[in-house]
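Every chain is numbered from 1 and lettered A, B, ... according to where its sequence line falls, protein lines coming before strand lines.
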Amino acid sequence: MRQWNLLGAWSLFLREVRRFLKVKMQTIMTPALTAMLYLVIFRYAMGDRHVPGMNVDYFTFLVPGLAMMAMLQNAFANTSSSMIMGKVMGMHIYLLMAPLSAFEVVVAFLAGAVVRAVVVATVFLLVLMPFVDLSMPHPGIVLLYGICASIIMGGLGLIGGMWARDFDQVAMVTNFVILPLTFLSGVFYSVKQLPEFWQVINHANPFFYLTDGFRYGFLGVGDTDPYASVGVVLVTVVVTVIACWQLWRSGWHMKE
Amino acid sequence: MNAFEINGLSKVYENGNRALNDVSLTVPKGSFYALLGPNGAGKSTMINILADTVRPSSGTVSLLGHDLFNERNWCKRRMGVVPQEIAFDPFFTPREVLRFTSGLFGCKPDEAWLDELLDRLELTVHAGKKARQLSGGMRRRLLVAQALVHRPELVILDEPTAGVDVELRRKLWDFMRELNDAGTTILLTTHYLDEAEELCDHVAIIDHGALLTAQPMRALMRDIASSYLWLNYGQAVTLTDADHDALAGLEPRSSDEGVCLKLGRSENGDSTFHQTYQAAVARFGPPLDAGVRSEDLEDVFLRLTRRAGGDDAAAECKS
């Protein structure tokens with residue numbers, strides 16, 4: 001009979017959260033500060049200009065996008081760094097030796113990634129609250145897209161961390177896959193500003209739907225219908241979780 | 001009931017290296033079992049398969065009557081493993097690591113037990129330090145504590161005392177002996193063969209992935225270990241063909257200060273010391289000094305593993 005180890009999964013989740021809280025300057029304050037620097041730079045570069053086709057100024061437009069970008073990158077960083085550090089330091093064997101099912105391991109890792117992403121975005125938004133009017137007309141959409149984005153990126157981080165043999169390979173995935181996809185997800189622009197070819201390219205980027213839906217939740221405007229995109233996002237979540245689960249279960253790149 | 005029943009276990013790595021070759025082994029419940037072998041013999045591969053960090057190519061393992069590969073989590077809850085490689089989480093203190101490990105195994109942290117583990121492994125004063133501040137020996141002792149934190153019925157120790165100083169090693173073995181006396185089965189690999197001989201009641205020796213022998217320690221030493229009578233004549237004795245013929249069966253060998261003869265057992269099990277001594281005196285005269293040296297586990301180990309490697313040289317006859 002199946003025997004759940006909920007305490008084991010909870011312990012792993014707590015370790016994941018405590019791990020990033022132990023180095024909060026690096027994991028929370030630095031991403032929030034980086035996002036704020038982007039904001040200040042673009043604020044002065046773009047002035048009071050409005051985003052074409054949207055009744056919103058560029059500064060306000062940027063805030064949810066940057067918050068989402070920070071969530072995406074931090075959710076990925078949390079799981080990928082934990083996995084690769086575990087492999088390099090040899091701690092990953094404790095996960096393999098523990099009486100935890102693959103599903104419990106994956107859920108604990110992804111929950112840790114969601115918490116870090118939410119904490120980073122919350123800190124960022126709290127600091128900016130006095131300077132920007134974020135009415136958040138659709139909080140449910142914000143929550144749905146924020147959590148789904150964190151799960152997807154946490155899952156990709158887990159897979160990347162399992163695949164990588166060293167820190168350099170994780171950095172390669174981060175810099176050559178994750179960073180371009182997040183930068184080209186409409187964080188800094190509306191796709192309607194782009195030539196048609198680049199609009200098509202952007203629509204093929206799954207992160208675009210995450211950023212756009214998240215922004216819609218904050219501003220009530222976006223490039224796509226977030227309700228129509230929910231299906232794509234949820235399917236991506238399910239596929240990511242199943243991929244993580246199956247890969248962990250098979251011992252892919254973890255067991256010889 | 002047996003703690004482990006390993007049948008036909010084999011492991012071939014992707015690079016073609018056959019680390020284990022059809023190994024079958026039974027570890028009785030409650031035993032203190034030594035798994036010995038030279039470097040690269042396959043000990044750690046076997047342990048890693050038991051710990052679920054390496055997949056076997058073939059074979060079955062039953063743990064306390066449960067199929068290890070089909071009832072993994074049931075088995076894992078009852079097993080504590082000290083890995084050979086030092087692994088530590090630099091973010092956490094030993095106490096935090098122990099609480100976390102306890103949770104992973106589905107146990108609420110038992111602070112009294114954690115205190116006892118920290119105390120017995122001499123880590124109490126270091127319990128609040130970050131793991132990266134600990135010395136190599138302390139980190140290894142922390143691994144031992146992690147393996148014991150969920151009070152397993154079986155403990156697997158893969159070279160747990162490497163880098164640990166003599167005094168702490170003694171204390172660690174005292175602790176392990178207490179656990180064994182209380183019913184915990186212990187499977188140990190170590191290169192300190194004197195410690196294995198002193199601690200363990202069973203022994204298995206593997207080399208090149210194959211099992212050479214597996215039996216109770218006492219039986220191994222009785223059946224395989226030899227004893228030698230050495231006789232000191234103050235100078236080397238040149239052995240003639242006539243000496244060899246006269247002392248056939250005693251495997252006479254010349255040493256720097258005399259001669260050395262192998263002792264055996266008569267049909268009723270008694271030592272042949274008296275007859276051997278008389279034969280030597282009859283041949284070479286009374287010695288200046290004489291003594292008996294019995295082979296220890298290290299000699300037996302070397303003899304068996306050399307034979308497995310193709311060298312059939314007998315153990316050195318030392319006085």
Engineer: May I ask you to decide if the ring planes of H202(B) and Y33(B) are parallel, tilted or perpendicular, using 30° and 60° as cut-offs?
Structural biologist: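 Taking Y33(B) first and then H202(B), their aromatic rings lie parallel (interplane angle under 30°).
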
Engineer: Using non-hydrogen atoms and a 4.5 Å limit, figure out which bit of L143(B) sits close to chain A: side chain, backbone, both or neither.
Structural biologist: both

Engineer: If you count heavy-atom pairs under 4.5 Å with chain A, which of N48(B), I49(B), T53(B), V54(B) comes out on top?
Structural biologist: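 The residue among N48(B), I49(B), T53(B), V54(B) with the greatest pair count is T53(B).
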
Engineer: Angle class for the Y38(A)/F183(A) ring planes (parallel below 30°, perpendicular above 60°, tilted otherwise)?
Structural biologist: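 The arrangement is perpendicular - the two ring planes meet at more than 60°.
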
Engineer: Inspect the contact between D89(B) and R139(B) and indicate whether a charged nitrogen and a carboxylate oxygen are less than 4.0 angstrom apart.
Structural biologist: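 Salt bridge absent between R139(B) and D89(B).
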
Engineer: May I ask you to say whether D158(B) pairs ionically with K43(B), meaning some side-chain N is under 4.0 Å from a carboxylate O?
Structural biologist: no

Engineer: Are a donor atom and an acceptor atom from the side chains of T236(A) and Y209(A) found within less than 3.5 Å of each other?
Structural biologist: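 Y209(A) and T236(A) do not have a side-chain donor-acceptor pair below 3.5 Å.
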
Engineer: For K108(B), is it the side chain, the backbone, both, or neither that has a heavy atom closer than 4.5 Å to a heavy atom of chain A?
Structural biologist: both

Engineer: With a 4.5 angstrom heavy-atom cut-off, is it the side chain or the backbone of I86(B) that approaches chain A, or both, or neither?
Structural biologist: backbone

Engineer: Got a salt bridge between R18(A) and E96(B), using NZ or NE/NH1/NH2 to carboxylate O under 4.0 Å?
Structural biologist: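 Looking at E96(B) together with R18(A), the answer is no, because their closest N to O distance does not fall below 4.0 Å.
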
Engineer: Given that the side chain runs from C-beta out, which part of R77(B) has a heavy atom under 4.5 Å from chain A: side chain, backbone, both or neither?
Structural biologist: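 Backbone plus side chain of R77(B), per the 4.5 Å heavy-atom cut-off to chain A.
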
Engineer: Below 4.5 Å from any heavy atom of chain A, which atoms of C107(B) appear? Answer side chain, backbone, both or neither.
Structural biologist: backbone

Engineer: What part of F91(B) gets closer than 4.5 Å to chain A, counting heavy atoms only: side chain, backbone, both or neither?
Structural biologist: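 When you check distances to chain A, atoms from both the backbone and side chain of F91(B) fall under 4.5 Å.
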
Engineer: Heavy-atom cut-off 4.5 Å, strictly under: side chain, backbone, both or neither for Q146(B) against chain A?
Structural biologist: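 For Q146(B), side-chain heavy atoms alone lie under 4.5 Å from chain A.
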
